[in-house]
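Inspection log for the structure reproduced underneath, given as structure tokens.
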Amino acid sequence: MVSVIIPAYNAADYLRECIDSALAQTCRDIEVIVVDDGSTDSTPEIIAGYAARDPRIRPLRQSNQGLSSARNAAIAVAKGEWISFLDSDDAMSTDCIATMLRAAEKTGCRMVHAAWVRGSDPSVLHGDGQRTAVAAVRVMDAVGFIEDVLYQTSGLVPVAWAKLYRRELFDDIRFRHGITYEDLDMFYELAFAAGRIAVTDTPVYYYRDNPASITNTFTPSRFDVLDVTRRLEAYMSAHCPALLPAARDRRLSANFNIYGLLATYDKEGRYASVAKECMDVVRSHRRGSLLNPRVRLKNKLAILLSMLGEGVLRRVSPLVYGRKSK
């Protein structure tokens with residue numbers, strides 16, 4: 001059995017489409033755990049309606065505690081040998097679970113990373129269970145997988161969704177409560193626990209570009225990425241020094257990102273201390289990334305701008321972050 005976990009908070013706009021995509025899976029041996037995280041809209045009624053019609057729906061309700069808590073609550077009661085996460089404004093192709101299970105069975109891996117598409121219309125995602133061609137599956141060791149994710153150049157991402165996990169991987173691992181970037185905070189622990197990761201380029205997951213999502217808005221909660229990447233660097237320093245250059249570059253990238261957002265949106269300087277912290281990290285990490293051939297061009301350009309002076313970086317930032325806040 002596969003446990004599909006859907007955390008939902010005030011998700012009424014897209015929740016039906018999301019749940020429908022989970023119930024339409026060609027793999028029928030599933031349970032769909034939908035966690036209402038203290039919603040104040042019609043989300044509870046939508047979940048109750050589905051639960052009354054389909055025994056595969058397992059509703060959970062809790063006070064508003066955030067995405068990590070909702071996912072953890074579902075993991076604790078999941079009955080499946082496998083777990084997959086689906087965000088409440090996204091959707092799966094009908095063969096999403098079957099495709100990832102096939103990759104796991106073919107390779108013997110306990111973790112699968114699948115491809116995904118993004119947009120504002122789920123019809124861009126094809127997959128009716130009868131694909132004429134399925135992308136080849138490759139196997140990566142944990143170190144290579146984590147390294148590719150951290151350098152942000154390969155298309156591999158740290159997000160929890162578009163993946164399949166053996167249930168036992170979560171025996172000692174949980175999402176950190178009360179933070180954003182919770183996926184980046186723990187993906188590497190899951191990868192190390194899995195040892196080997198099956199990767200398929202078959203697109204099976206639809207990511208909706210939601211203007212209200214955390215990555216499309218500027219709020220102080222985005223500062224969490226600074227602590228997340230600091231912990232990431234410390235973890236690699238202690239447990240896997242071979243990944244330290246990649247971890248330092250990912251931390252550099254996060255600090256550039258937050259600095260750019262503050263230069264664009266914090267005109268009053270309310271978070272000047274955060275901006276200073278970001279620049280301190282940039283200055284301490286930029287030389288290593290500039291000389292590292294694995295580092296993406298975007299980071300190297302930002303490094304060169306920072307070397308021209310903080311004033312230059314502040315003037316350029318609105319040109320990048322004024323159009324989008326990804």
Side-chain angles (χ1 to χ4, degrees), residues 67 89 116 118-120 147-159 178-185 187 207-234 236 244-326:
L67 178 60
D89 52 356
W116 49 284
R118 65 188 301 168
S120 57
E147 187 173 50
D148 277 9
V149 171
L150 294 180
Y151 279 126
Q152 305 176 86
T153 56
S154 65
L156 301 181
V157 290
V159 294
I179 66 167
T180 55
Y181 300 92
E182 70 291 329
D183 299 342
L184 178 61
D185 190 59
F187 88 93
Y207 171 80
R208 187 185 303 274
D209 278 321
N210 186 346
S213 70
I214 183 66
T215 52
N216 281 321
T217 55
F218 170 65
T219 67
S221 65
R222 295 191 68 168
F223 300 162
D224 287 351
V225 75
L226 303 179
D227 286 334
V228 167
T229 53
R230 175 185 53 76
R231 284 192 295 270
L232 167 65
E233 181 181 346
M236 297 309 169
L244 195 52
R248 285 174 172 162
D249 182 63
R250 186 61 184 89
R251 188 180 180 196
L252 176 77
S253 183
N255 279 267
F256 266 131
N257 186 258
I258 296 301
Y259 184 89
L261 288 170
L262 290 175
T264 303
Y265 297 105
D266 185 30
K267 299 301 185 183
E268 298 178 355
R270 293 176 59 194
Y271 303 107
S273 61
V274 178
K276 181 181 182 303
E277 174 190 339
C278 290
M279 280 307 302
D280 287 345
V281 173
V282 166
R283 292 188 181 101
S284 67
H285 285 51
R286 62 189 177 189
R287 179 174 174 81
S289 283
L290 185 62
L291 299 177
N292 185 341
R294 288 292 309 274
V295 170
R296 60 181 178 169
L297 179 60
K298 178 181 178 180
N299 280 17
K300 293 197 174 187
L301 290 175
I303 290 168
L304 293 174
L305 285 173
S306 73
M307 289 178 168
L308 294 175
E310 190 172 346
V312 173
L313 198 59
R314 290 190 65 85
R315 287 194 295 273
V316 171
S317 291
L319 301 178
V320 177
Y321 295 95
R323 294 192 300 270
K324 61 179 181 178
S325 53
K326 275 283 187 184

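What's counted below: heavy atoms across the whole structure, side chains too, no hydrogens, waters or symmetry copies. Note that the numbering runs from 1 along the sequence shown for the chain. Computed from a prediction, not measured in an experiment: that's the story for all the values here.
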Query raised in the report: Is there a side-chain contact between Val149 and Phe187, using heavy atoms and a 4.5 Å cut-off?
Result: yes
Query raised in the report: At what distance, to the nearest 0.5 angstrom, does CG of Leu252 lie from CZ of Arg283?
Result: 12.5 Å
Query raised in the report: So, are Asp227 and Arg231 salt-bridged, with charged N and O less than 4.0 Å apart?
Result: no
Report summary line: In short, Pro158 meets Asp183 closest at the heavy-atom pair O-CB, 3.4 Å
**Report entry** Minimum-distance pair of heavy atoms, taken over all atoms of Asp266 and Ala272
**Finding:** OD2-N, 4.1 Å
Query raised in the report: Under 3.5 Å, is there a donor-acceptor pair between the Asn292 and Asp249 side chains?
Result: no
Query raised in the report: Could you state the interatomic distance from OH (Tyr259) to OH (Tyr321), rounded to the nearest 0.5 Å?
Result: 11.5 Å
**Report entry** Donor-acceptor contact present, side-chain Arg286 to main-chain Ile303, <3.5 Å
**Finding:** no
**Report entry** 4.5 Å side-chain heavy-atom contact, Ile258 and Leu261
**Finding:** yes
Requested in this report: Determine whether Arg287 and Leu290 make a side-chain contact, defined as any pair of heavy atoms from C-beta on separated by less than 4.5 Å.
Outcome: no
**Report entry** Closest approach of His285 to Glu233 (non-hydrogen atoms, all atoms of both residues)
**Finding:** NE2-OE1, 2.9 Å
Report task. Please step through side-chain contact (heavy atoms from CB on, under 4.5 Å) for the pair Leu308 and Leu304, ending with a clear verdict. Result -> CA-CA 7 Å; Leu308 294 175; Leu304 293 174; over 6 Å; no
Report task. Would you sort out whether Glu147 and Met236 count as a side-chain contact (heavy atoms from CB on, under 4.5 Å), showing the intermediate values? Result -> CA-CA 11 Å; Glu147 187 173 50; Met236 297 309 169; over 6 Å; no
Query - Heavy-atom closest contact (Ala247 atom, Leu232 atom, distance) - result: CB-CG, 4.1 Å
Query - Rounded distance (nearest 0.5 Å) linking atom NZ of Lys267 with atom CG of Leu262 - result: 10.5 Å
Query raised in the report: Are Phe223 and Tyr271 close enough that their ring centres sit under 6.0 Å apart?
Result: yes
Query - Of Val274, Val281, Asn257, the residue whose pairing with Leu226 passes side chain to side chain contact (heavy atoms under 4.5 Å, CB included) - result: Val274
Requested in this report: Nearest 0.5 Å please: distance from the CZ atom of Arg270 over to the CD atom of Glu268.
Outcome: 7.0 Å
Query raised in the report: Got a donor-acceptor contact below 3.5 angstrom from the Ser253 side chain to the Arg250 backbone?
Result: no
Query - Which atom of Leu313 lies closest to which atom of Ala302, heavy atoms considered - result: CD1-O, 4.2 Å
**Report entry** Check: Asn255 side chain, Arg251 main-chain N or O, donor-acceptor pair, under 3.5 Å
**Finding:** yes
Query raised in the report: Does Val282 reach the side chain of Ser306, with side-chain heavy atoms less than 4.5 Å apart?
Result: yes
Query raised in the report: Are Val159 and Tyr207 side-chain neighbours, meaning at least one heavy-atom pair lies under 4.5 Å?
Result: no
Query raised in the report: Where do Thr153 and Arg294 come nearest, in terms of heavy atoms and distance?
Result: CG2-O, 4.3 Å
**Report entry** Exam field: side chain Asp224 to backbone Thr180, donor-acceptor pair closer than 3.5 Å
**Finding:** yes
Requested in this report: Check whether any side-chain heavy atom of Tyr151 lies under 4.5 Å from a side-chain heavy atom of Ser289, and answer yes or no.
Outcome: no
